[in-house]
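Computed from heavy atoms alone, side chains included, the values below leave out hydrogens, waters and symmetry copies. Residue numbering restarts at 1 for every chain, and letters A, B, ... go by the order of the sequence lines. Not measured: the values here are computed from a predicted model.
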Number of protein chains: 2
Amino acid sequence: MSQMQSVEKQLRQMILGLEIGPGEKLTERWIESRFGASRTPVRAALLRLETEGLVGRDGRGWTVSPINLAELEQIAVYREAVEVAALRLSCGLVDRSAVDVIEAMLESCDKDTPREEWHRVGMDFHIELARLSGNDFLFRAVRDAMTRLSRARWLEVRNEAALSRAWAEHRAILAAARVGDADEAARLLSGHIVGSRERLVTSLANDRRGLRARGFAVVPA
Amino acid sequence: MSQMQSVEKQLRQMILGLEIGPGEKLTERWIESRFGASRTPVRAALLRLETEGLVGRDGRGWTVSPINLAELEQIAVYREAVEVAALRLSCGLVDRSAVDVIEAMLESCDKDTPREEWHRVGMDFHIELARLSGNDFLFRAVRDAMTRLSRARWLEVRNEAALSRAWAEHRAILAAARVGDADEAARLLSGHIVGSRERLVTSLANDRRGLRARGFAVVPA
DNA sequence: AGTACCATATTGGTATCCCAACTTGGTATC
DNA sequence: GATACCAAGTTGGGATACCAATATGGTACT
């Protein structure tokens with residue numbers, strides 16, 4: 001693997017894992033020494049992460065993108081459009097057996113599963129469902145949206161009730177998709193996304209003070 | 001403007017204007033000498049254009065992305081999802097006066113208008129309509145999709161009949177949006193996108209031999 | 001003539017150097 | 001004590017040098 005890919009991957013992981021806080025300043029030279037690479041691959045990695053929305057420019061320098069509540073709301077609308085479109089396509093497929101693979105993914109989480117795993121599977125559910133459509137653009141749109149939502153959702157997975165509710169909704173969506181009921185699946189997915197957004201934004205808005213105290217920049221809606 | 005932005009802009013213009021043919025190989029050193037910049041900004045520009053899908057990696061090197069008919073079909077599905085979502089949002093706005101600005105844009109094209117302008121306005125119609133929704137993600141999705149479609153559409157604008165048909169459909173969409181009839185506007189827009197895709201892919205598939213003769217790589221659906 | 005092989009040129013990946021713009025911290029002045 | 005100002009350090013943008021991998025073209029041998 002090239003240094004650029006290595007730096008990109010590690011830096012993304014640190015940002016998504018909140019090892020570098022939202023809103024924190026980054027310098028190319030710090031990344032350079034942190035990962036033992038020179039500035040050329042570091043700059044390349046930053047340019048890519050910028051297009052993912054994980055880092056942004058702050059004047060001349062670089063900043064880890066803050067958690068942006070207004071952005072979270074817009075992403076939810078965007079997600080709804082692309083995920084529903086992908087799901088409708090999938091419901092029209094003759095072979096929808098991949099639904100079972102996704103269901104198995106959900107079932108792999110039980111009470112002993114670490115939080116990180118719940119978090120990852122919760123995102124992968126949506127990503128894999130989109131991949132099933134066979135449309136690369138819809139798939140990438142969902143994957144990128146989930147990446148942007150990742151940190152905000154991570155701050156939320158402590159909530160047991162929300163998780164079990166989400167899993168129930170996920171199963172219901174799969175059940176509708178399995179029998180090819182596109183309208184019902186779409187309705188359930190829309191509801192799930194809208195509901196998730198409301199709970200997420202409310203929760204973060206309430207926690208905002210606490211998050212800022214931990215050094216996490218959170219810009220209001 | 002930084003060299004990176006300058007190189008990115010000029011290179012994008014050359015690719016979209018077909019001055020560099022789809023499928024052509026690019027070397028960083030050629031770009032370097034062509035635009036009088038050093039490799040640092042050249043590499044940065046290539047990395048950004050890669051995320052736009054205008055250039056891609058070919059093993060170790062760089063290639064201008066070929067025209068890909070399968071991709072065009074997938075983009076149409078993607079566009080339909082995001083553009084319809086944006087249009088429905090726009091129809092729900094209380095102030096839809098911006099529709100008139102878009103209409104004026106359409107009207108600025110007459111028989112004396114050069115082809116390039118028709119081409120640009122035809123794309124900007126969709127982009128501005130998406131911007132009107134106020135959702136940045138839907139807007140960027142449409143803008144990026146139109147960028148990817150740009151070259152294929154350029155090979156098509158010679159067709160007078162298709163243009164006047166497209167303009168009529170554009171006007172009808174605006175008329176429905178103006179009175180806030182979201183369902184009708186969405187129906188018209190869906191039809192417009194599906195129809196455009198069919199005509200575009202058919203036309204390019206027929207021209208494929210001729211395009212390859214001009215050195216343009218066209219990969220079939 | 002065909003083919004296997006090697007020297008050479010070219011390429012992208014990386015490291016490093018320089019520079020102008022900007023920050024920062026201290027200092028002299030009022 | 002406040003403020004205007006300046007010097008030193010830091011930063012991102014750019015240029016260039018170097019390297020390993022690959023492509024290329026010619027050559028010797030069959």
Side-chain angles (χ1 to χ4, degrees), chain A residues 1-16 19-66 68 212 215-217 219, chain B residues 1-16 19-66 68 212 215-217 219:
Chain A
M1 184 189 295
S2 72
Q3 296 256 39
M4 182 226 125
Q5 291 169 321
S6 165
V7 171
E8 181 190 346
K9 201 166 157 181
Q10 293 181 74
L11 195 52
R12 184 190 295 110
Q13 203 168 7
M14 286 188 73
I15 293 172
L16 292 181
E19 295 174 59
I20 317 179
E24 239 174 88
K25 295 264 187 299
L26 287 175
T27 69
E28 295 180 354
R29 264 121 178 157
W30 178 84
I31 302 169
E32 198 181 341
S33 68
R34 178 69 177 69
F35 299 114
S38 76
R39 285 182 67 205
T40 309
V42 166
R43 298 189 56 183
L46 282 169
L47 282 170
R48 307 206 62 150
L49 292 175
E50 186 187 15
T51 71
E52 284 184 52
L54 296 185
V55 303
R57 299 209 114 96
D58 171 52
R60 213 169 55 114
W62 298 96
T63 307
V64 177
S65 302
N68 185 325
R212 296 194 80 99
F216 295 165
V219 349
Chain B
M1 184 190 295
S2 72
Q3 297 250 39
M4 181 228 126
Q5 291 169 320
S6 166
V7 171
E8 181 189 346
K9 200 165 157 182
Q10 293 181 75
L11 195 52
R12 184 190 295 110
Q13 203 168 8
M14 286 188 73
I15 293 171
L16 292 181
E19 295 174 59
I20 317 179
E24 240 174 86
K25 294 263 186 302
L26 285 175
T27 70
E28 296 182 353
R29 263 116 178 162
W30 178 83
I31 301 169
E32 199 181 338
S33 67
R34 178 67 177 70
F35 297 115
S38 77
R39 286 181 66 203
T40 308
V42 166
R43 289 180 57 93
L46 282 169
L47 282 170
R48 306 206 63 151
L49 293 175
E50 186 187 15
T51 71
E52 286 184 49
L54 296 185
V55 303
R57 300 207 108 99
D58 172 52
R60 214 169 54 115
W62 298 96
T63 307
V64 177
S65 302
N68 184 327
R212 294 194 81 99
F216 294 165
V219 350

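Note that CZ of A:Phe216 and CD1 of A:Ile20 are 11.0 Å apart. Values are rounded to the nearest 0.5 Å. Rounded to the nearest 0.5 Å, atoms CH2 (B:Trp30) and CH2 (B:Trp62) are 15.0 Å apart. Atom OG of A:Ser6 sits about 8.0 Å away from atom CZ of A:Phe35, to the nearest 0.5 Å. With rounding to the nearest 0.5 Å, the separation of CG in A:Leu47 from CE in B:Met4 is 6.0 Å. Taking CD of A:Gln3 as the reference point, atom CD of A:Gln10 lies at 9.5 Å (rounded to 0.5 Å). Taking CG from A:Leu26 and CD from A:Glu24, the interatomic distance works out to 7.0 Å, rounded to the nearest 0.5 Å.
Applying the side chain to side chain contact (heavy atoms under 4.5 Å, CB included) criterion to B:Glu19, with sequence neighbours excluded, gives B:Met14. Contacts of B:Glu52 classified as side chain to side chain contact (heavy atoms under 4.5 Å, CB included), with partners at least two apart in sequence or in another chain: B:Glu8, B:Arg12, B:Leu49, B:Leu54, B:Thr147. Applying the side chain to side chain contact (heavy atoms under 4.5 Å, CB included) rule to B:Thr51 yields the partners A:Thr51; only residues at least two apart in sequence or on another chain are considered. Annotation: salt bridge (Lys or Arg N to Asp or Glu O under 4.0 Å) contacts of A:Arg57 (sequence neighbours excluded): A:Glu50. Residues passing the side chain to side chain contact (heavy atoms under 4.5 Å, CB included) test with A:Lys9, sequence neighbours excluded: A:Met1. Applying the side chain to side chain donor-acceptor pair (under 3.5 Å) rule to A:Thr27 yields no partners; only residues at least two apart in sequence or on another chain are considered.
As judged by a 4.0 angstrom heavy-atom cut-off over every strand, A:Leu46 is placed among residues making no nucleic acid contact.
For A:Arg29 and A:Gln3, each mapped to the nucleotide of DNA chain C holding its nearest heavy atom, the one lying further toward the 5' end belongs to A:Gln3.
Within residues 33-45 of chain B, the residues approached by DNA chain C to less than 4.0 Å at the level of any non-hydrogen atom are B:Arg39, B:Arg43, in residue-number order. If you check residues 57-66 of chain B against DNA chain C, the residues with a heavy atom closer than 4.0 Å are B:Arg57, B:Arg60, B:Gly61, B:Trp62, listed by number.
Using a 4.0 Å cutoff to heavy atoms of chain B, the contacted part of DNA chain C runs 5' to 3' from C:dT11 to C:dT14. Taking 4.0 Å as the cutoff to heavy atoms of chain A, we find the contact window on DNA chain D bounded by D:dT11 to D:dG14.
Annotation: side-chain hydrogen bond (donor to acceptor under 3.5 Å, both in side chains) contacts involving residues 38-48 of chain B, sequence neighbours excluded, comprise B:Glu28-B:Arg39, B:Glu28-B:Arg43.
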Test side chain to side chain contact (heavy atoms under 4.5 Å, CB included) on A:Val55 and A:Thr63; report intermediate values, then the result.
CA-CA 6 Å; A:Val55 303; A:Thr63 307; over 6 Å; no
For DNA chain C, what dot-bracket results from Watson-Crick or G-U pairs at under 3.5 Å, with [ ] for crossers and | for inter-strand partners?
||||||||||||||||||||||||||||||
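When every heavy atom of A:Gly56 is checked against every heavy atom of A:Ser65, the shortest pair comes out as N-OG, 4.0 Å.
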